[in-house]
2 protein chains.
Amino acid sequence: MKQLADMVTAEIIDHQANQKYKPLSKPSFKLDEVLNKNPFKEDGKSFEGLLKLITREIYKETSLPSNPRFLGYIPGPSNFISNLADYIISSFNSFSGSQLVGKGPAKVERQTINWLLDSIGLPKSGGGLFLSGGSMANMSAMETARRNFHSDNWRKFKVYGATQTHASVKKGLRVLGFEPYQYEPIDHDENFAIDLAKLEKQIKKDLNDGFIPFVIVGNAGTTNTGAVDNIKKLRKIANEYKMWLHIDGAYGAAIVLTEEGKQLLSGIEEVDSITIDPHKWWFQPYEAGCLLVRNKEHLLNAFHIEAEYLKETYDDSEQLNYYNQGIQLTRNFKALKLWLSLQFFGVSEFRRAIQLGMDLARRVEENLHDQDGWTIVTPARLAIINFRPKLKKNDSQQEDKLTRAMINRFLQDGQYIITSTELLGRPVIRLCIINPELTRKEIDQLCLYIKNVRDELISDKDYLNLN
Amino acid sequence: MKQLADMVTAEIIDHQANQKYKPLSKPSFKLDEVLNKNPFKEDGKSFEGLLKLITREIYKETSLPSNPRFLGYIPGPSNFISNLADYIISSFNSFSGSQLVGKGPAKVERQTINWLLDSIGLPKSGGGLFLSGGSMANMSAMETARRNFHSDNWRKFKVYGATQTHASVKKGLRVLGFEPYQYEPIDHDENFAIDLAKLEKQIKKDLNDGFIPFVIVGNAGTTNTGAVDNIKKLRKIANEYKMWLHIDGAYGAAIVLTEEGKQLLSGIEEVDSITIDPHKWWFQPYEAGCLLVRNKEHLLNAFHIEAEYLKETYDDSEQLNYYNQGIQLTRNFKALKLWLSLQFFGVSEFRRAIQLGMDLARRVEENLHDQDGWTIVTPARLAIINFRPKLKKNDSQQEDKLTRAMINRFLQDGQYIITSTELLGRPVIRLCIINPELTRKEIDQLCLYIKNVRDELISDKDYLNLN
C-alpha cells in the first residue's frame, strides 16, 4: 500500500508543481477513445497505468477550479492540508451521522460548527451541519423553516428573494413541493441587492391576497456581482411580518473573518439560518457545504426520524446524532477537513487569504480604470468584478457582440477560465478572484491578457462586422 | 508536502495493520477535554501533533464501520484503492457537475453509470448519477417520479412500500412535501417481503377513495432482514395501475454481480428507478450513493435549471451536465473511486467478495444450528441474519430481556460491533456480514464469542431476575 500511496502523492505533487497553471486542454484530445479502450474487465489492471490514465488523460480535458487561473463561476481554491484530510477521512471511513459509533467525528463536527456559529455571531444555542454544498444547504434551510414556522398551511407560504438569488433556492423549493408562484423574485436596486421598498410592497400585497409571508432569502454575496443585501433591514422586515430570515452566504459569508467583511455583513448575527460553503472561500475541497441555524432544536424538529434499527443510537446527546438534523443518514467525516486546515494554518491565515481576494479584485478594477475602453458594470465587491469593453461609438449591440466574442476566445485559448454572466439584460465579463495563490503580478498579467484579446478582436474588423 | 503526505500514509498503514481490529474504545476516555485544549487559534499548529490527535484521540472513541468486526447496521467495508482515489479527487478538486469545465470527470461518471446500468440489466438509454448515499437517492427517485408522472395532481398521489422499507423513503417524501397519509406501509409476508395481496387491495381501496396510486417502493434487500420483494410481481402490479416502480437496492443490489444474486433479484431489470449505494456492498468509502433510472430524460425533466451564470455550460451533451440531473450544482468526482477500484481489482474480485458475504452469513447460521439454544428469526439472506437466544422455559419476556442484555454487553465489550433490530415486536440480534476481510475462522470465533456472552449472562442468575 505504501508504494501505491507514494505513487499517488508523487502525481499530486507533480500536478501542484507543473500542471496547475494549464487549466484547459486542447479540445482535440479524444477522451472517448481512451475510455472505450478501458472498459471494466473481469481481471484487474496495473495501478501505475491507471494512475497515469487519470492524471494525464482524464484530468487533461478538465479545467480545475482550484487552479489559480480559474476565475469563472465561483472557483474552488482548495488547500493541500484538507486534501490530506480527505485521504484520512476515506481511509478511516467513520460513520459520522451518529455518536454511538462516531463520537469522535460528532464532537469534532460540533466544535467546528460552534466555531462557525461564533464567527458569524450566532449564539451557542445554535446548530448546524455539514453537507454537500450550497444547494443542499439552501434546500435544507427552507425545509427547516417550513417545519418550524408558526403556521402549518405551507401551501399558502410565500418566499421572497432578489432576482439575483441563486437558482438553487428556486430549485430547492420546487423539490420541496412548493409551487412556482410561491417564490417571489423581487427586483434588485442599483447595487444589485434586493429592493427593500419593493419587497415590503409585495409582502403587503400577498397578505392582502391571503398568502402567508414565510421566508426572506437574503444574499451575503450574490454569485453574479457579490452584492450584499441590507441584512439589518431584512431582519426588521422579517420581524414585522413574523417571517424567517435565511441568508445565502454560500459564497460570500467567509468575509466575516475580516474587519472589512464584518462591516459589510452587518446584521448577519441576527439570521434564523445561513448557508455557507467551506468549499468556496474557506479553501476546502469539494464537497463541503454547511447550514447554520440560530436554534439547534429547529434542525431536530425538521429532520428527526425513528427506525427500529437505530434504537441503540438514542441517548442523551441527541444533538450529536447528525442524521436527525438533515436528510442524510450516512455521512462521512466532512468536518475534519475544515477542522484540520483551521488548526494547521491558524485562523489568521484564512483571514489574510480572504482579504487578499478582495484586495486583488480591487486591483483589477484599478487596472481597468487605468486602461481606457472599459465599462465597470459592477465594482470589485467580495472579490467579484463585472465589466465590458466600451466602444467609442457607444453601440451597445456591438459591445455585446465583442463581449461574447471575448468570452469565446478566453475559452478557446484556455489560458484562464473566464466566464460571463448577464446583468440588466446584457452580457458582461465576470471575474471571481478568491484563489490565495494569485499575486499582484499575476493579476496585472491577467488584465494585460484581457486587454490584448479585446484589442485583437477590435482590430479584426471583419469579426465585428460579420458575426 | 511530500513529508506531510508520508506522515499521513504511515498513519493510515499503521491503522490498517494494527488498530483495525479494535473497534470500540473504553468509554472512560475524555475527548471533550482534548478538544477543549485544542480550540481554533490565530496561529497554526504542528501537523504531526494534529495528525496524532486525529488518529490517536479523535478516532479512538469511534467504531469504524470499515472494521471487519463491525457487524452492526450496514457496515462500510471500504478499500484502500478507493481511499487513494478520494485523495486524488480532493487534490485535483474538479467540478464534476458540468462538462464544460469537467469533461473528464463527466465522461468517467458516464462510463461508470453505463456499467452499473448494464450490471442491473437496465438499457443504455438509462441514466443515473452519484450522490451522497441512499437517503438522497431514494428522495431524488421520488422527485423524479413526481415530475415525470402521468398526472400533475401529486397531492392525491400515494406511495406504497413494505413496513420494512427504509425510513429514508418516508423521510424523503416528507421533505418533498408529501403528507404522511400519502405513504402507505403495507404489511410484510412471512419472509418480511411486501405482502402482494395486501398491496393490491390497498391500491384498489385508494383508487376507490379518489387517490392516485403513484409509486411502489420495492426492496432489494431490506436493512432489517435482507428480504427481497418479488420484483416481477411488483412490476406487473405497477403496470396494471400505471405506477412507477422504484427499488431500494441501497444495500442489497450489489448481489446482481453474482449468479445466486441474479436469481434472487429476478425482474430488477424492469424497474423505473433504483437506489444503489457503492459505499456499502461495493466497497467504497463514504459518501458514494447512486440513483439509476430507466430513462435518462426523466432526470433532466425533474432537475433541469437555468441560470444566467451557467450559460456557457449548455451544449449538445446535456446528459453530461450532471447539475441538471440532481439537486446538487457543485459535485466532486465521486465516480472516480468506484471506477478506479473496479479497474484495479477487476470485476471478478468484487463478485468474489460479495459472494463471500453471503457464504459467511450462512456459516453463522450453521454455527447457530450446531449449537443449542438459538432461534433463527430470519435466515442468512443477503449476508444478514437475525436470531435470539432460546430459553428452555420458552419464556419470551425472559428471552427478550436476555437479548437486550447481550446487546448491551456487546457494546460494552467493544470486541465486535453487534446491534439489534426489532422483528414482529421483539428484539433480535442482527449481524450483517459484508466485510471481505472476514474469514471462516473469524466467523467461528465470532459465534463462540456470542455463545459465551449468552452463557455467562444466563449463569448470572441475578441478572435475569433483577434487571
Name the orientation class of the two ring planes belonging to A:Y73 and B:F95 (parallel below 30°, tilted from 30 to 60°, perpendicular beyond 60°).
parallel
When only pairs under 4.5 Å are counted, which of A:L50, A:D86, A:L342 shares the most heavy-atom pairs with chain B?
A:L50
Non-hydrogen atoms of chain B under 4.5 Å away: do they reach the side chain of A:F47, the backbone, both or neither?
both
Return the OG to OH distance between A:S90 and B:Y286, rounded to the nearest 0.5 Å.
11.5 Å
In terms of heavy-atom proximity below 4.5 Å to chain B, should A:E143 be classed as side chain, backbone, both, or neither?
side chain
B:R174 versus chain A, the contacting section by heavy-atom distance below 4.5 Å:
both
Could you check which of A:G134, A:G102, A:S94 has the highest count of heavy-atom pairs closer than 4.5 Å to chain B?
A:S94
Look at the aromatic rings of A:F333 and B:Y59 and report parallel, tilted or perpendicular, splitting at 30° and 60°.
perpendicular
Given that the side chain runs from C-beta out, which part of A:R351 has a heavy atom under 4.5 Å from chain B: side chain, backbone, both or neither?
side chain
After noting the C-alpha distance and the side-chain angles of A:V175 and B:L176, does the key distance pass the side chain to side chain contact (heavy atoms under 4.5 Å, CB included) rule?
CA-CA 6 Å; A:V175 172; B:L176 297 178; 3.5 Å; yes
Counting only heavy atoms not in A:Q3, do more than 12 sit closer than 6.0 Å to its CD atom?
no
For chain B, which candidate among A:A85, A:G104, A:G133, A:S82 shows the most heavy-atom pairs at distances under 4.5 Å?
A:G104
Can you tell me which portion of A:A302 sits under 4.5 Å from chain B's heavy atoms? Options are side chain, backbone, both or neither.
backbone
Using the side chain to side chain contact (heavy atoms under 4.5 Å, CB included) rule, take A:H279 and B:N332 through it: C-alpha gap first, then chi angles, then the decisive distance, then the call.
CA-CA 10 Å; A:H279 66 215; B:N332 70 7; over 6 Å; no
Please flag which part of B:D6 lies under 4.5 Å from any non-hydrogen atom of chain A: side chain, backbone, both or neither.
side chain
Out of A:P105, A:S341, A:S91, return the one with the most heavy atom pairs under 4.5 angstrom to chain B.
A:S91
Which residue out of B:L35, B:N38, B:D277 racks up the most heavy-atom pairs below 4.5 Å with chain A?
B:L35
Proximal component of A:I74, with respect to chain B [non-hydrogen, under 4.5 Å]
neither
Need one label for A:K334: side chain, backbone, both or neither, based on atoms under 4.5 Å from any heavy atom in chain B.
side chain
Roughly how far, to the nearest 0.5 Å, is OG1 of B:T9 from CE of A:M1?
7.0 Å
Between A:N79 and chain B, with a heavy-atom cut-off of 4.5 Å, which part of the residue counts as in contact: side chain, backbone, both or neither?
neither
Looking at B:I89, B:L340, B:L84, which makes the most heavy-atom pairs under 4.5 Å with chain A?
B:L84
In Å, rounded to the nearest 0.5 Å, how long is the span from OG of A:S168 to CD of B:Q328?
11.5 Å
Side chain from CB out, backbone as N, CA, C, O: work out which of these in A:T112 comes under 4.5 Å of a heavy atom of chain B, or both, or neither.
both
Taking it one step at a time, do A:Q343 and B:F40 satisfy side chain to side chain contact (heavy atoms under 4.5 Å, CB included)?
CA-CA 6 Å; A:Q343 293 278 8; B:F40 300 104; 3.9 Å; yes
Using heavy-atom distances under 4.5 Å, tell me whether A:W154 contacts chain B through its side chain, its backbone, both, or neither.
side chain
If I measure from the heavy atoms of chain B, does A:K41 come under 4.5 Å with its side chain, its backbone, both, or neither?
backbone
Counting only heavy atoms closer than 4.5 Å, note whether A:L131 contacts chain B via side chain, backbone, both or neither.
neither
Is B:K171 reaching over with its side chain to a backbone N or O of A:G326, donor-acceptor style, under 3.5 angstrom?
yes
Which bit of A:R331 is near chain B, if near means a heavy-atom gap under 4.5 Å: side chain, backbone, both or neither?
both
Chain B: which of A:I88, A:I81, A:L51 shares the most heavy-atom pairs with it under 4.5 Å?
A:I88
Run the side chain to side chain contact (heavy atoms under 4.5 Å, CB included) test on B:I54 and A:V108 for me, step by step, so that the C-alpha distance in whole Å, both residues' side-chain angles and the decisive distance to 0.1 Å come before the verdict.
CA-CA 10 Å; B:I54 292 169; A:V108 168; over 6 Å; no
Ignoring hydrogens and angles, state whether a donor on the side chain of A:N93 or B:S66 is under 3.5 Å from an acceptor on the partner side chain.
no
When rounded to the nearest 0.5 angstrom, what is the spacing between OH in B:Y323 and OG in A:S135?
11.5 Å
Heavy-atom proximity to chain A below 4.5 Å, by part of B:F92:
both
Roughly how far apart are A:I327 CD1 and B:S132 OG, rounded to 0.5 Å?
8.5 Å
Crowding at NZ, B:K107 (>12 non-hydrogen neighbours, <6.0 Å):
yes
Who wins among A:M7, A:R147, A:M142 for the most heavy-atom pairs under 4.5 Å with chain B?
A:R147
Between CE of B:M136 and CE of A:M136, what distance do you get to the nearest 0.5 Å?
4.0 Å
Chain B heavy atoms under 4.5 Å from A:M139: which part of the residue, side chain, backbone, both or neither?
side chain
Shortest non-hydrogen contact between B:E287 and A:T330, atoms and distance:
OE2-O, 4.4 Å
